[in-house]
Amino acid sequence: AGLTLALSAGGDESGVGQAELAKSIRAAGGVVSNTVHKRVDLLVASARAVKRNTQAVRKARGKFRTPIVSPDFVIDSIAAGSKRDPALYAPTADRAARAAP
């Protein structure tokens, strides 16, 4: 079974639009959710979305404790034909926020 992913990747630095990302996820057998909820496996968010602390990012961090990955996770996983390690794909701003005192 594929992963269920929510998207908050508007204005992304990877150059891949949200609609294109969703299409790629569906083509690879994944499910795209419009919102973050308990059955969402990962939130795909740009560093910009994390920095802006979008509603999806707040829900993922707070209520649902959903791991957050950059769009590169989707691109690299599809290219490799298998799920990459989500821990290696935290959006840059998310990593910086965790490192701050």
Side-chain angles (χ1 to χ4, degrees):
L3 294 173
T4 298
L5 305 171
L7 303 177
S8 183
D12 194 332
E13 60 280 349
S14 74
V16 178
Q18 197 160 322
E20 188 179 336
L21 210 52
K23 186 176 177 182
S24 297
I25 292 166
R26 289 186 187 104
V31 176
V32 177
S33 172
N34 292 327
T35 60
V36 176
H37 53 78
K38 67 181 179 181
R39 293 185 308 277
V40 169
D41 297 302
L42 298 166
L43 170 63
V44 180
S46 63
R48 186 179 197 178
V50 171
K51 185 176 180 182
R52 289 183 174 181
N53 201 28
T54 64
Q55 181 178 2
V57 170
R58 290 191 307 272
K59 280 185 172 181
R61 284 182 169 159
K63 183 175 181 181
F64 298 109
R65 297 278 183 225
T66 304
I68 301 173
V69 296
S70 71
D72 289 337
F73 168 83
V74 174
I75 296 163
D76 292 354
S77 293
I78 291 171
S82 64
K83 179 182 151 191
R84 306 286 85 194
D85 181 357
L88 301 176
Y89 290 90
T92 312
D94 197 40
R95 266 193 226 126
R98 286 188 196 148

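Source: prediction; values computed, not measured.
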| task | Measure across Ser33 and Thr4 and return the closest heavy-atom pair with its distance rounded to 0.1 Å. | result | CB-CG2, 4.3 Å
| query | Just how far is it from atom CD1 of Ile68 to atom OG of Ser8, taken to the nearest 0.5 Å? | reply | 8.5 Å
| note | Nearest heavy-atom contact between Pro91 and Ala45 is CG-O, 3.2 Å
| task | Could you tell me the separation between the CG atom of Leu43 and the CG atom of Leu7, rounded to the nearest 0.5 Å? | result | 7.5 Å
| request: Using the rule that two of Ile, Leu, Val, Met, Phe, Trp, Tyr join whenever any of their side-chain heavy atoms come within less than 4.5 Å, decide whether Leu42 and Val31 are in one cluster. | output: no
| query | Is there a side-chain contact between Arg61 and Asn53, using heavy atoms and a 4.5 Å cut-off? | reply | yes
| message | Hydrophobic clustering (ILVMFWY, side-chain heavy atoms < 4.5 Å, transitive) - are Leu21 and Tyr89 grouped together? | response | yes
| request: Say whether Val69 and Ile25 are linked into one hydrophobic cluster, either directly or through other cluster members, by side-chain heavy-atom distances under 4.5 angstrom. | output: yes
| request: Assess whether side-chain contact (heavy atoms from CB on, under 4.5 Å) is satisfied between Leu5 and Val40, documenting all intermediate values. | output: CA-CA 6 Å; Leu5 305 171; Val40 169; 5.7 Å; no
| message | With a sphere of 6.0 Å drawn around CG of Asp85, does it hold more than 12 non-hydrogen atoms of other residues, nucleotides or ligands? | response | yes
| Shortest non-hydrogen contact from Lys83 toward Phe73 | CG-CZ, 3.8 Å
| task | Test Ile78 against Arg84 for side-chain contact (heavy atoms from CB on, under 4.5 Å), laying out the working first. | result | CA-CA 9 Å; Ile78 291 171; Arg84 306 286 85 194; over 6 Å; no
| Any sub-3.5 Å donor-acceptor pair from Asp41's side-chain atoms to Leu3's backbone N or O? | no
| task | Could you tell me whether a side-chain N or O of Ser46 sits under 3.5 Å from a main-chain N or O of Ala49, the two making a donor and an acceptor? | result | yes
| query | Looking at residues at least two apart in the chain, or sitting in another chain, which of them share a side-chain contact (heavy atoms from CB on, under 4.5 Å) with Gln55? | reply | Arg58, Lys59
